[in-house]
Amino acid sequence: MRTVALSVSLPSGYTALWSPEHVASGGLTEVAGLVRELQAGPVPVRWVVWSAGDLRPLVEAGVRFERLWDCAEAHRLREGSWRAGPQEVWCAVHDLDPEGAPAGPRDDLFDFGERDDTPAAPESLTTPGGYLRADAVAGRWQEAVLPHDPTRLVQWARAAFDVGARQQEALATRGPTELATAFSESAASLLCVELERFGLPIDRATMSDLITTSAGPRPASLQAELEHRAARDATVLRLVPGQERTDLRNPAQVRELLLAAGIDVPNTRKWTLEAFRDTHPVVPALLAWRADERIATTYGWRWLDAHVGADDRLRGRWSACDGAAGRMTAENGLHNLPAALRPGVAAAPGHRFVRADLGQIEPRVLAAVSGDEAFMAATRAQDLYAPVAERLGVERSVAKVAVLAAMYGQRSGTAGEALAGLRRAYPIAMRLLEETAERGSRGESVTTFGGRAVHTAPRAERGMQAPPPVAAARGRFARNAIIQGSAAELFKAWAATIRATTADLGAEIVLCLHDEVLVHVPEEAAQECAQRVDQALHDAARRWLALRGRDEGVRFVADVSVIGRWSEAKG
DNA sequence: CGGTGAACGTA
DNA sequence: CGTACGTTCACCGA
């Protein structure tokens with residue numbers, strides 16, 4: 001394996017490559033050719049970058065990177081910290097206090113503390129205190145002398161190379177698990193850049209019809225928009241005479257309206273109102289109004305115009321790792337598009353979607369994380385809850401509720417009896433959950449299967465995840481984080497494997513949704529792609545489980561189908 | 001004008 | 001009934 005660092009400067013797009021054997025620089029097209037040439041060579045290449053997002057201009061230009069080391073993601077994994085700019089990452093590998101770093105142009109206007117601001121020399125990347133100079137972190141220092149002098153950008157790439165090498169060394173001393181997870185997280189980070197480039201295919205005509213149904217036709221004027229809004233409000237307001245002036249967008253006023261209809265509720269949340277669906281016609285009308293209002297305001301015409309491009313692709317920013325346990329996140333509705341709009345997500349002409357989701361991922365992950373032999377045995381069934389129900393001597397539905405209650409720290413409900421049964425049948429898995437919750441309650445950090453540190457209490461650094469304030473909530477947070485976070489790791493390993501093994505089919509991963517993936521592929525390759533998606537799960541799961549010697553014990557299953565619209569997925 | 005909480009969509 | 005996220009809205013206080 002050959003390691004090459006790569007840095008792109010903006011706005012010029014000038015790019016530098018650095019490795020011990022090879023230094024190069026050039027414009028985007030020139031470097032794009034160089035990257036392809038190196039990747040086509042006999043020795044596989046791993047590209048080292050400060051952050052995969054740096055590659056955006058090259059990815060936009062159609063360059064496909066095969067293997068990556070993303071210093072920011074490696075840092076997040078090591079530190080459990082979300083802030084992972086070059087300075088934070090640099091400080092971590094050099095044992096420097098980030099608080100002493102030179103201030104960027106907009107940082108800390110009122111900070112008059114001791115700071116190490118002046119670079120050692122005009123051409124020095126670092127300050128006498130060993131920090132990165134602030135104008136280099138901002139990219140201005142490198143860009144200022146381009147294109148005639150690429151040496152600063154080369155220095156910047158070389159610094160990333162050095163940081164990446166130090167991170168790999170540090171992670172390797174902790175064992176193979178963390179290193180493998182860092183590779184996988186790097187791949188996910190690169191995948192995010194491609195998700196941003198590809199976008200999610202939209203059938204504009206169908207989506208427009210769906211929006212019309214909920215929000216009304218595209219308004220010709222502001223007045224028309226207001227009129228339609230008033231008409232929508234009237235469908236609810238006319239059901240409670242005397243309350244026509246209620247602002248339906250104000251929960252306090254809605255509560256008054258409901259009171260006038262004889263319904264006294266502590267809040268107006270959907271879950272609370274569901275119980276009163278049959279009490280008064282205003283309740284179902286209000287719930288239907290809310291669903292339409294959601295689409296009208298968040299997923300309406302403005303959303304369509306702002307985020308669906310001329311090529312009929314919905315685009316938003318993707319993040320490989322959220323602030324808590326490490327799931328992927330996305331903006332502009334890519335992760336919370338109402339199910340009612342899913343018919344509007346459709347493969348382009350001549351293409352199909354391969355849709356796949358992981359079945360019962362969380363209990364299967366619990367088996368892997370805990371290493372409970374009995375619970376691992378249950379994962380070998382296609383339906384995990386069947387053997388659990390048999391062992392507990394209860395109905396499947398009871399077993400399912402009990403397992404979910406145990407994993408999420410549920411307090412209410414009637415899972416008590418079955419929970420006791422679970423403790424007897426699967427003591428190791430259940431003890432792991434309880435000990436994790438206790439650690440969380442005490443404000444201690446917990447660790448995912450792949451070695452990500454998850455902090456349950458605030459630390460000195462700024463920009464950290466905001467953990468729940470009370471002990472019980474911290475306990476539930478920790479209990480959930482090891483499951484959710486570990487599941488996210490398996491998912492990302494799976495997605496990265498799909499990306500690597502279906503590229504030759506012309507496949508593009510266009511959506512990742514925690515346990516579900518949508519692959520856009522030319523029609524003639526769809527069946528082959530579906531088979532490879534399934535195979536990718538088995539390969540990724542085996543490698544992932546082997547990190548902790550569980551490769552023969554836990555089974556993961558995927559439901560894979562070839563569809564034309566997202567809504568065709570099984571319910 | 002910026003921050004906060006309610007509400008609700010997804011998993 | 002548990003957790004996480006992103007988005008919009010009204011309200012609050014400066």
Side-chain angles (χ1 to χ4, degrees), chain A residues 82 200 214-215 229 246-255 265-275 286-300 302-303 306-307 316-342 345 357-363 365-366 397 400-416 419 433 436-437 440 446 454 456 465-468 472-488 491 511-518 566 569:
Chain A
W82 199 84
L200 182 66
S214 289
R229 189 169 117 146
T246 303
D247 179 356
L248 293 173
R249 292 155 193 85
N250 182 330
Q253 289 188 33
V254 171
R255 200 171 157 258
V265 282
N267 59 61
T268 71
R269 288 197 164 95
K270 186 180 175 183
W271 192 87
T272 306
L273 294 181
E274 279 300 340
L286 178 63
L287 293 173
W289 177 89
R290 284 242 179 97
D292 285 345
E293 176 77 0
R294 167 72 44 188
I295 289 176
T297 55
T298 308
Y299 306 105
R302 200 173 296 115
W303 167 80
H307 305 303
R317 301 285 283 198
W318 284 81
S319 159
C321 152
D322 66 22
R327 296 216 293 197
M328 293 171 77
T329 65
E331 297 181 348
N332 300 342
L334 284 157
H335 265 187
N336 41 16
L337 195 76
L341 298 184
R342 287 187 180 191
V345 177
D357 75 309
L358 299 172
Q360 303 169 337
I361 177 63
E362 291 181 325
V365 161
L366 170 60
S397 59
K400 180 176 175 178
V401 167
V403 169
L404 295 175
M407 280 192 302
Y408 301 149
Q410 184 182 316
R411 301 166 61 84
S412 60
T414 52
L419 261 174
L433 289 170
T436 302
V446 297
V454 179
T456 61
Q465 64 219 34
R474 278 181 181 163
R476 287 194 301 273
F477 171 76
R479 189 192 286 253
N480 182 253
I482 57 161
I483 304 297
Q484 193 186 96
S486 302
F491 177 84
L511 189 74
C512 292
L513 195 43
H514 307 316
D515 67 351
E516 180 176 9
V517 64
L518 266 189
W566 196 12

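Reminder, nothing fancy here: chain letters follow the sequence lines and each chain counts from 1. These numbers were taken from a predicted model, which means no experiment stands behind them.
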DNA chain C: T272(A) or T298(A), which has the more 5' nearest nucleotide?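 Residue closer to the 5' terminus by nearest nucleotide: T272(A).
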For DNA chain C, whose closest nucleotide is more 5', that of Q253(A) or that of Q484(A)?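 Residue closer to the 5' terminus by nearest nucleotide: Q484(A).
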Need one value for [X]: base, sugar-phosphate or nothing, where a base atom within 4.0 Å counts as base even if backbone is also close, heavy atoms only.
| X | result |
| --- | --- |
| A481(A) | nothing |
| A339(A) | sugar-phosphate |
| E331(A) | sugar-phosphate |
| R327(A) | base |
| R342(A) | sugar-phosphate |
| L337(A) | sugar-phosphate |
| R479(A) | nothing |

What is the minimum heavy-atom distance between L419(A) and A402(A), and which atoms define it?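 Looking at all heavy atoms of both residues, the shortest contact is CD2-O, 4.0 Å.
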For G333(A) against Y299(A), the heavy-atom pair lying closest together: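 Heavy atoms only, the tightest pair is CA-CE2, 3.6 Å.
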Atom-to-atom span, [atom1] of [X] to [atom2] of [N] - whole angstrom:
| X | N | atom1 | atom2 | answer |
| --- | --- | --- | --- | --- |
| I295(A) | dG9(B) | CD1 | C1' | 10 Å |
| W271(A) | dG9(B) | CH2 | P | 15 Å |
| L518(A) | dA11(B) | CG | P | 11 Å |
| E293(A) | dA7(B) | CD | P | 14 Å |
| L513(A) | dG6(C) | CG | C1' | 13 Å |
| D322(A) | dT7(C) | CG | P | 14 Å |
| L366(A) | dG2(C) | CG | C1' | 14 Å |
| N336(A) | dT10(B) | CG | P | 8 Å |

Audit row: T272(A), N267(A), side-chain hydrogen bond (donor to acceptor under 3.5 Å, both in side chains) steps and yes/no: CA-CA 7 Å; T272(A) 306; N267(A) 59 61; 2.7 Å; yes
Look at the side-chain N and O atoms of [X] and state whether any lies under 4.0 Å from the OP1 or OP2 oxygen of [N].
| X | N | answer |
| --- | --- | --- |
| K270(A) | dG9(B) | yes |
| N267(A) | dA6(B) | no |
| R249(A) | dC9(C) | no |
| N250(A) | dC9(C) | no |
| R269(A) | dA7(B) | yes |

Is the CZ atom of R249(A) crowded by more than 12 outside heavy atoms at less than 6.0 Å?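 More than 12 within 6.0 Å, yes.
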With distance as the sole test, does R474(A) use its side chain to make a donor-acceptor pair with the main-chain N or O of T456(A) at under 3.5 Å?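 Answer holds: yes.
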[X] side-chain proximity, nearest of [options]:
| X | options | answer |
| --- | --- | --- |
| T329(A) | dC5(C), dA6(B), dG9(B) | dC5(C) |
| N480(A) | dA7(B), dC9(C), dT3(C) | dT3(C) |
| D247(A) | dA4(C), dA11(B), dA10(C) | dA10(C) |

Given side chains that start at C-beta, do those of [X] and [Y] come closer than 4.5 Å, heavy atoms only?
| X | Y | answer |
| --- | --- | --- |
| F491(A) | V365(A) | no |
| D357(A) | L513(A) | no |
| L511(A) | E516(A) | no |

Between the protein and nucleotides 3-5 of chain B, list every N/O to N/O distance that falls short of 3.5 Å.
none

Checking side-chain polar atoms at under 3.5 Å, does R290(A) have a donor or acceptor matched by the opposite partner on T268(A)?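 There is such a pair between these side chains.
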